[in-house]
Structure formats: structure tokens, C-alpha cells
2 protein chains.
Amino acid sequence: MNKQKTASLDLHRKHRGKLEIRSKVPLYTVEDLSLAYSPGVAEPCRAISRSPESVYEYTTKGNMVAVVTDGSAVLGLGDIGPSAALPVMEGKAILFKAFAGVDAVPICLDVKDTDEIVRTIKHIAPAYGGINLEDIAAPRCIDIERRLRRELDIPVFHDDQHGTAIVVAAGLINACRLTNRKIEDLNIVLCGTGAAGNAIARMLRAMNVSAITAFNRSGPLRKDKVTEGTETQKLFEEKILDEAPYGAKTLEDMLEGADVFIGVSIGGLLEASAIKRMNQRPILFPLANPTPEVDPQAALEHGAAVIGTGRSDYPNQINNVLAFPGIFKGTLAARAADITEPMKKAAAKAIADLVGQQLSQDYIVPSPFDGRVARAVADAVARIAREG
Amino acid sequence: MNKQKTASLDLHRKHRGKLEIRSKVPLYTVEDLSLAYSPGVAEPCRAISRSPESVYEYTTKGNMVAVVTDGSAVLGLGDIGPSAALPVMEGKAILFKAFAGVDAVPICLDVKDTDEIVRTIKHIAPAYGGINLEDIAAPRCIDIERRLRRELDIPVFHDDQHGTAIVVAAGLINACRLTNRKIEDLNIVLCGTGAAGNAIARMLRAMNVSAITAFNRSGPLRKDKVTEGTETQKLFEEKILDEAPYGAKTLEDMLEGADVFIGVSIGGLLEASAIKRMNQRPILFPLANPTPEVDPQAALEHGAAVIGTGRSDYPNQINNVLAFPGIFKGTLAARAADITEPMKKAAAKAIADLVGQQLSQDYIVPSPFDGRVARAVADAVARIAREG
């Protein structure tokens, strides 16, 4: 076992997990107890009972997010179940706090049925100001999010979809600045049509990208190749995706004349030499982890202008942590009932704009530890929500 | 509005609720992030996936309790719903931490159907080491607890039932010491047969009390007066309750020859003069809040030997906080799958024994702020759990 694996096991074992609950109020005297608990606590209860909106005034609800999973698509590990997913959910919860001061708690669901998941989350919703769905397998994650957004009065956000899409969009905005392209002119090849791929396609189309074609395990995608009723079919129906050229038989063929390659699939799919078929100075986001779809170093040698990956040991990490803490911070601050397309676009732009004059091949998105990020995202999101 | 009410509203508004989530691990560097989150976090996930029991080693599960309500029987306020119940659940959560170092989170359920509540709690169970049910209306709370205890592999405890019963039992042990009675000889009148009354009757019978008769809104209880299939009928079927004497028409009549009055009903039911019909030096636990069933001062003047109430401004507060933090601390430490009758009895005895030589009319149970309580309860409970 390598050093990092051992160190992570040790860290988790040492503290028996990563989060704890703390009181924000003193509890040392009979008087303290009588205010924070019985009998004094009856008063905020009565106030909320009379005026339901005051739950945001007297409780943690307005700053509390539930990080919900069924453990069916955890990292690259797949369907490991709700208990084995708990370390990731705890990690997510502490990132919310560290990066945006948002409180978050893990909810690990021992159920995989879409209806049951939707019903369960609705049942437990009252204590939370927002729901962050996490590591739920596609396609049910898309349906679950869609239904919860419609049926709940608090924001629901599937980070694996929209967090990724927002940071990809931010990276793309700056990659365009760097290579003198316009977003609207881009010809993009998307490799992978799962949860992240679906959301990336939708977000980029909403930003008026010229062409988006997609490739998945069934090959280059065309209308006649997708199954009736699937999420992928909806992408064609809603004119999110364009059809792959009829001549294209392989992923390599699809790169002909493309400006951008975005991979949210599996590692090592693409020979670096194939990017020569793309337009000059192509933009590559091979995001598969831990092995990117194309080797970044080799791709640079074959003429890539800018490369973003999912890894922290390469430049330009496309890391969701740039998005979700600020997204929720801003949404909660504005008490928005939904996280809309304009709010997501504003978040992407805010992330991109922080790079400013330092923009370079190795710096198209801020570092996760750039302390300005969450606040900038939150402010941008809250502004749109309030203008709403 | 009185001063305490205003102060409680101010306290809750000032902090926007009472609890927060904190990280137990550092999150300052790329290295920190790679151990606590991706990619390092995959390793504890894999470990738990291979060996499910190790979830107690690598996550907070083993020290994390869900405080679950449907908001249907909150304090004396009744069915105010899950949002208005949140201040109580947050209060409970911070008491868990303050008194026993146990982490706890509120779960407020927007559903009242017994089957749905059971199903929802089972769905969310994986992240928790125990379930503390709270402020759920009788009789469904009894059914919910019974089913969850059977169907889950973590301890489930309805504090309004068993927490109260344990502290009543502790108080009664010492009241008997003070008045030279034996528990087994007691003739007890129980006023109120809701969640708490049901559990008190069951616990005292398990302690071999000689006679327990009960009174509720339908009057003195006899077998022929209870409805088929109700929890109260079960108390007769299982020989927990004795029939009220046929001659007894009122609560006052039932006091004839009784040693102990326990009230878990509504305030001001009983004239203090009526306790003259009880045996010499009677023991009274009028626990209704904020107004006890009988006025404590007047009862003393009419010959009561010892009085416990639910109030912090009288001596001998029968306060659940003496029980639930230590109960869960000990149960979690022993990783017991259930909180059994012997564990509850051991908890009651541990609470009573802490009073020791200081035992007096005004001191039959320790103060909630007695720092020894949670540990003594936890040790006693864990010992029984380990002995099996």
C-alpha cells in the first residue's frame, strides 16, 4: 500500500471520522440549560409554529446542508453502498465548512429505488436549507434531482453533475481567453454521457457553444443510436447535443476540426497523437481520475494549448470544491428556492474572473485554497438569485 | 412576554440556531485535502466496503446519534410539526455533546404515518450509531420504537419513554431508601398512560413493584374499560398494570393505601389534601410541566415525605438529561445493538447511587450538572451490555 493510502487510513482511524457536532451556545449553568433547552426553548418553537419562515431565524436550517448519497457511484469505486460512502460524505461536509462556513451533515441512504430516495429526502427535508446530492449513479441521479427540485422548496444540487459543469465552464472561459476563441464559436467533443457529461453538455449549450458532439461506450452518438426514453435521447430531443458526423467511426475521427475535448469517462482512452486532428492549439479537459483520458504531458508535446485535469498534481485542476461551497453559501444567503442556470453561469464566470491578469497555460482556474473563491462565487450567485 | 422567553428568543436568533459542524482534521494544504478527501479518502471507503464493521473505525458512525422527531408531541406544545420542533432537537443534540461527548444531529420528519416513519428511519440509518426518538405522539411512538428495535442493528431509544422511566426509577430507589421502603413492596398510582406512563409502568414492574394501578382521562383503569388492541390493553395483558379497585371512582379514591403517586399527565389535577388518603410519608412525583399535578409546597404541608418534579426551580428535578447522554455513551462504547431492560435498570441504579451519603428529602437525584453522572451511567450500561 502506498504512503498516501496508509496516511489516509491513519488519519481516519485516529479521529474516528472527520466531523463532530459543536454547540454554539454556552451550556454551563441551570440558566443556560433553561434557555437553550426546556423550558425556554418552547418560545422559538412557538414562534416557528406561528410563523414558519422564522425557522431561518431561530435554527441552523438556513446554514445547514444535507449531503445525501445512496453510495451507488462513489469516486471511481462504483456501487460500494451507503456505509462505505460515509468517509466521502464526511469529507464533503468538512469542505463545506472549511471553504464557505456552511454546516453540512452526511445522509447515507440504504435504498436504491428512485421513488423511495425521493420520498425519503422529502421526509427529512425540514431541518435543511439545501440538499447536495452526491455520488448517486446515473441515470437515476438525474431523475432524482429533477423531481426534488420540483417538489421541494429548498435548493437541490447534484454536485457530480453541476459542480463539475460549473468548473469546466470556468476553465473553458479562460481557455478561450488564452487562445483567442469565443465560447459561441467552439466545436466541442464530449467523451462520456453520464451524470457529469449530461450536465456539462447542458451548461455549455446554455452558454451558446456552437457544436457539441458526444461519444460514449456505444461509440459516436447519433439520434438513431440512442435508446428511446433515456437521458441521452433527451439531449438530442432538447437540441443539447449535435449528431456526430456520419463518417466518424471512432473517438479519434470525431476530433477532426474540434476545438475542445472534454473527457468524463475512463482513463487512457485516447492516444495523444490523435489530437493532431483537432484544430490548432486545442483545449483538453481529460477529467477521468486517477488516469486522464489522454496523457497530459504527451498531449502538450502534440500541440495542446491548455490542459485541465481532475488531478491535484497537474496544473489546472478542475475541482468541484471551487464551486459547491460558494454555490450553497450564496444560495442560502439569498434564501433562493432553486439553483438556476443563470446562477450557475454567474458562478462559472466568477471563478474564471478571479484568475485575472495571471492567466496562463498553467493557471486557468484558481487554486482550491484561494481564499477569495467561495465568497466571489457566493456573491455572484446571491446577486442573480436576488435579481431573480 | 417574560424575561426568560425573550432571552431564549434572543439566544436562538443571535447564533441562528445552536449547533454547528466542525472538522476534526486539518484542511489547510493540498496534502490535507488529498488525505481527508479525494483521492486518499478512497482507502477508508475500500476498507469499509471489504469489512463493513470497520465503519466504526474510520467514520463518526460509532459516536453519532440521530435525534429523530415528527414534531407531533413537542414539550407541552403538542403537534407543532417538524420545523417548529427543530429548536428542541438542536437542544437535545448539544446536550448529548455537552454531557457525554456524543455527537448528535436533528432529523425532523415531515411525515406522520407509522410505516413511513419506520421506513424512513431505516433508510437513513447507516450513518448513525444509534437512534434517539423524540417528541413523537403516543401511541405510535411505542409501535415505531418496537419495530425499529427489531429491524435495525443499532440501538433505538425513545427518550420520552425510557429516559423518563429511568430517572423516575432512580428517584424512587432513593425515595425508598429515605423512607425505609422496599421497591418490591410499593403500591404505586400512575396518573397518565401515554408514552412516559407506559414506559414507567413497564420499568417499575420489571423492578418487581408490588402494585401499579393507573388513571387516565377515562378514569381509574380496569381491564373492562380499555379498548381492544391499544397499548393500554397490552399493559393489562402483559400484567404490567393491576386493576384499579372497583370502589375507586376518582383519582383521589385510588390514592387510598398507596405509597407513591407518579404523574405524567396534566397540571393541577390533584388537591394536595387528597394525599392524606395515601400511606404515611408518601412519595410524590408530579412531573407535569410547567404546572405539576399537585402543588409541591402544599403537598409537603400535607405530609409528603419526598417530592420530585419536572422543574428546575424545585429540588429533585426528574430530568431526562441524567439518563440519555450516558445511556448512549455506554451503549456506543460497548457497541450494543439494543438498549435492554437490564441496561436501563443499571442506569437507574447508577444515577441513584451517586447521591450516596448526601441523600435527603431535597436531594434524591444528582444535579444535571453533576459531572460524574454521564460517565457513571455509561460505565454501568456498558458493563451490562458486555456481560450480555
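Order of the sequence lines sets the chain letters (A, B, ...), proteins ahead of strands, with each chain counted from 1. Since we're looking at a predicted model, the values are computed, not measured.
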Closest non-hydrogen atom pair between [X] and [Y], with its separation:
| X | Y | answer |
| --- | --- | --- |
| B/Leu19 | A/Asp103 | O-OD2, 4.3 Å |
| B/Leu332 | B/Gly130 | CD2-N, 4.3 Å |
| A/Pro39 | B/Gln4 | CG-OE1, 3.5 Å |
| B/Leu152 | B/Ala125 | CD2-CB, 3.7 Å |
| B/Val55 | A/Ser83 | CG2-O, 4.0 Å |
| B/Val118 | B/Leu148 | O-CD2, 3.8 Å |

For [X], is it the side chain, the backbone, both or neither that has a heavy atom under 4.5 Å from a heavy atom of chain B?
| X | value |
| --- | --- |
| A/Pro87 | both |
| A/Arg311 | neither |
| A/Lys97 | side chain |
| A/Ala36 | both |
| A/Met64 | side chain |
| A/Leu77 | side chain |

Do you know which of [options] has the most heavy-atom pairs with chain B at a distance under 4.5 angstrom?
| options | value |
| --- | --- |
| A/Glu31, A/His15, A/Lys122, A/Lys61 | A/His15 |
| A/Ala66, A/Ala93, A/Cys45 | A/Cys45 |
| A/Phe369, A/Phe99, A/Tyr128 | A/Phe369 |
| A/Val74, A/Ile107, A/Leu95, A/Val105 | A/Leu95 |
| A/Ile117, A/Leu86, A/Val321, A/Val102 | A/Leu86 |
| A/Val68, A/Asp10, A/Val25 | A/Val25 |

(request) Give a yes-or-no answer on whether the side chains of A/Arg140 and A/Ser72 include a donor-acceptor pair shorter than 3.5 Å. (result)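 Yes.
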(message) Just by distance, no angles: are the side chains of A/Asn132 and A/Glu134 close enough, under 3.5 Å, to form a donor-acceptor pair?
(response)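 Side chains of A/Asn132 and A/Glu134: pair found under 3.5 Å.
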(request) Quick one: do A/Glu57 and B/Arg13 satisfy salt bridge (Lys or Arg N to Asp or Glu O under 4.0 Å)? Show the steps, please. (result) CA-CA 6 Å; A/Glu57 192 175 347; B/Arg13 193 187 296 110; 2.8 Å; yes
For the interface with chain A, which of [options] has the highest count of heavy-atom pairs at distances below 4.5 Å?
| options | value |
| --- | --- |
| B/Leu27, B/Leu11, B/Ile21 | B/Ile21 |
| B/Leu35, B/Ile48, B/Asp70 | B/Leu35 |
| B/Val88, B/Asn63, B/Asp313 | B/Val88 |
| B/Pro290, B/Ala85, B/Ser54, B/Ala104 | B/Ala104 |
| B/Pro52, B/Ser38, B/Pro44, B/Ala47 | B/Pro44 |

(request) Hey, could you give me the CD1/CG distance between B/Ile124 and A/Asp110, rounded to the nearest 0.5 Å? (result)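 Separation between the atoms: 11.0 Å.
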(request) With rounding to the nearest 0.5 Å, note down the distance linking CD1 in B/Ile144 to OG1 in B/Thr114. (result)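 Here the rounded value is 4.5 Å.
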(message) If I measure from the heavy atoms of chain A, does B/Ala98 come under 4.5 Å with its side chain, its backbone, both, or neither?
(response)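 Looking at B/Ala98, just its side chain touches chain A.
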(request) Identify which part of B/Glu90 has an atom lying under 4.5 Å from any heavy atom of chain A, answering side chain, backbone, both or neither. (result)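 The side chain, not the backbone.
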(message) What I'd like to find out is whether the side chain of A/Tyr28 reaches to under 4.5 Å of the side chain of A/Leu33, using heavy atoms alone.
(response)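 Side chain of A/Tyr28 against side chain of A/Leu33, heavy atoms only: no contact under 4.5 Å found.
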